[in-house]
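Written below as structure tokens is the structure these notes are about.
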Amino acid sequence: MQGRIGYIGWRLFQILPTTFTIVLLAFVLMKLAPGDVIDVVAGESGGATPEYMAEMRELYGLNIPIWQQFVHYIVSLAHFDLGYSFRENMPVSDLILSRLPATITLSLTAILFALVVGVLLGIIAARYRGSLLDGLISVFSTIGFATPLFWIGLLLIVLFSINLRWFPVSGITTVGADYANQAYYLLDVSRHLILPALSLSLFFLSMYVRITRSSMLEAYGQDFVRTARAKGLSEWRVIFGHILRNAALPIVTITGLEIGGLLSGSVVVETVFGWPGIGRLAYDAVFSRDLNLLLGIFLISSFLVVLMNLVVDLLYVALDPRIGRRRP
């Protein structure tokens, strides 16, 4: 028990320096990129005098050395202040919170669909190894793994939105819709959610299929499987009661990495489908050189990755108690 608590404490201790290093690298790289928000505003306004641009940089603190800007940013973070978006004219925290529910809805729907369907297909492929069904599932996973997300999204839009007219093209709700009650609103959001969630989930679904099949086949040759079969258990009971539990560690690892990295995929999908989430917000922040907003989004996504790695480690300890007894 003490070893497990020490292991968890060590992993919690690593969160702060890891997040600080990520923020430092992101800040420096973004500052090294050419241009800033003042250049973008001046370009959109048709031009501005050098004196006016210098005054604006002084007003927003963009004329001081980079290390001083970073110190000011860290001090603001210590007070739970992500800064101000000069482009959107509102606090970064409020802007992110307004877009966060849409991204969470899209990401959780995609990951749950990919997890359930991918694991089931992986189990079926391993159970009927070498059969035609196994071959078809393998071909499907290979295509899903190799196809770009934006191409899948465009294909789904052309097929199901333009040709068949089953689902909306973009957005999260129907513009100008008058909802009689909450049920109609949820139904409308669900219709808008199906295509982007399906597009985002196909890549991760393919990964689940490959990982589950490989882990299941590796567990099939273990002694405990032969023992379970010798006891007279049915094949499916052996699979779900014994093999799948022992093959769960790679699946847990992939789930943690996917949840942490969903933002990178959601940037593409949210842009293609016009989904008003954090991914679309990050895309707009890059082109508008909105450094504070981009850093805030990067900080949230980085913290999510670090947090999910911690959750995966805790699940490892629950699935295999021997991990918690090892020294950090």
Side-chain angles (χ1 to χ4, degrees), residues 12 15-16 18-20 22-27 30 36-37 40-41 60-61 69-70 72-112 168 170-175 177 179 182 185-193 196-197 200-201 256 258-311:
L12 288 172
I15 290 180
L16 186 60
T18 301
T19 305
F20 176 82
I22 292 173
V23 171
L24 174 60
L25 293 175
F27 188 91
M30 292 178 188
D36 56 24
V37 65
V40 176
V41 173
Y60 294 143
Q69 296 183 38
F70 181 71
H72 290 167
Y73 186 73
I74 292 298
V75 172
S76 298
L77 287 182
H79 292 85
F80 302 99
D81 181 12
L82 296 179
Y84 195 83
S85 173
F86 308 115
R87 179 68 175 176
E88 300 293 337
N89 197 28
M90 64 184 301
V92 171
S93 56
D94 294 343
L95 194 56
I96 292 178
L97 288 176
S98 66
R99 300 291 190 95
L100 191 59
T103 295
I104 291 178
T105 301
L106 174 61
S107 300
L108 288 182
T109 303
I111 198 68
L112 287 176
S170 63
I172 190 173
T173 56
T174 302
V175 178
Y179 303 108
Q182 191 70 13
Y185 171 77
L186 294 176
L187 179 61
D188 189 32
V189 172
S190 300
R191 292 183 67 250
H192 285 78
L193 175 64
L200 183 60
S201 67
E258 286 181 357
I259 293 178
L262 271 176
L263 182 60
S264 60
S266 65
V267 172
V268 178
V269 173
E270 289 181 7
T271 302
V272 171
F273 287 94
W275 188 264
I278 292 181
R280 177 66 182 273
L281 190 64
Y283 178 83
D284 295 336
V286 170
F287 284 95
S288 63
R289 297 296 192 273
D290 196 338
L291 179 63
N292 287 341
L293 177 57
L294 198 57
L295 276 174
I297 296 173
F298 196 84
L299 177 64
I300 296 298
S301 61
S302 301
F303 182 78
L304 177 61
V305 172
V306 175
L307 181 63
M308 288 311 305
N309 286 333
L310 174 62
V311 172

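Here the structure is a predicted model, which means the values were calculated and not measured. Both backbone and side-chain heavy atoms feed into the values below; hydrogens, waters and symmetry mates do not.
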Distance, nearest 0.5 Å, that separates [atom1] of [X] from [atom2] of [Y]:
{"X": "Leu82", "Y": "Leu295", "atom1": "CG", "atom2": "CG", "result": "9.5 Å"}
{"X": "Leu100", "Y": "Ser93", "atom1": "CG", "atom2": "OG", "result": "12.0 Å"}
{"X": "Leu299", "Y": "Leu77", "atom1": "CG", "atom2": "CG", "result": "6.0 Å"}
{"X": "Arg99", "Y": "Ile278", "atom1": "CZ", "atom2": "CD1", "result": "9.5 Å"}
{"X": "Thr103", "Y": "Trp275", "atom1": "OG1", "atom2": "CH2", "result": "9.0 Å"}
{"X": "Leu193", "Y": "Phe273", "atom1": "CG", "atom2": "CZ", "result": "10.5 Å"}

| field | Test item: Asn292 side-chain N/O and Tyr84 main-chain N/O as donor-acceptor pair under 3.5 Å | value | yes

Looking at every non-hydrogen atom in both residues, tell me the closest pair between [X] and [Y] and how far apart they are.
{"X": "Pro168", "Y": "Arg191", "answer": "CD-O, 3.5 Å"}
{"X": "Ala102", "Y": "Gly277", "answer": "CB-CA, 4.2 Å"}
{"X": "Pro196", "Y": "Val269", "answer": "O-CG1, 3.5 Å"}

Which residues pass the side chain to side chain contact (heavy atoms under 4.5 Å, CB included) test with [X], sequence neighbours left out?
{"X": "Ser76", "result": "Asp81"}
{"X": "Leu294", "result": "Met30, Ala282, Ala285, Val286"}
{"X": "Leu186", "result": "Gln182"}
{"X": "Pro276", "result": "Ile172"}

| Listed partners of Asp284 passing salt bridge (charged side-chain N to carboxylate O under 4.0 Å, His left out), at least two apart | Arg280

| task | Name all residues meeting the side chain to side chain donor-acceptor pair (under 3.5 Å) criterion together with Ser201; count only those two or more places apart in sequence or in a different chain, and write none if there are none. | result | none

| So, do Pro101 and Ile104 sit near enough that their side-chain heavy atoms are less than 4.5 Å apart? | no

| said: So if I apply the side chain to side chain contact (heavy atoms under 4.5 Å, CB included) rule between Ile297 and each of Ile96, Leu95, Val92, which one comes out positive? | reply: Ile96

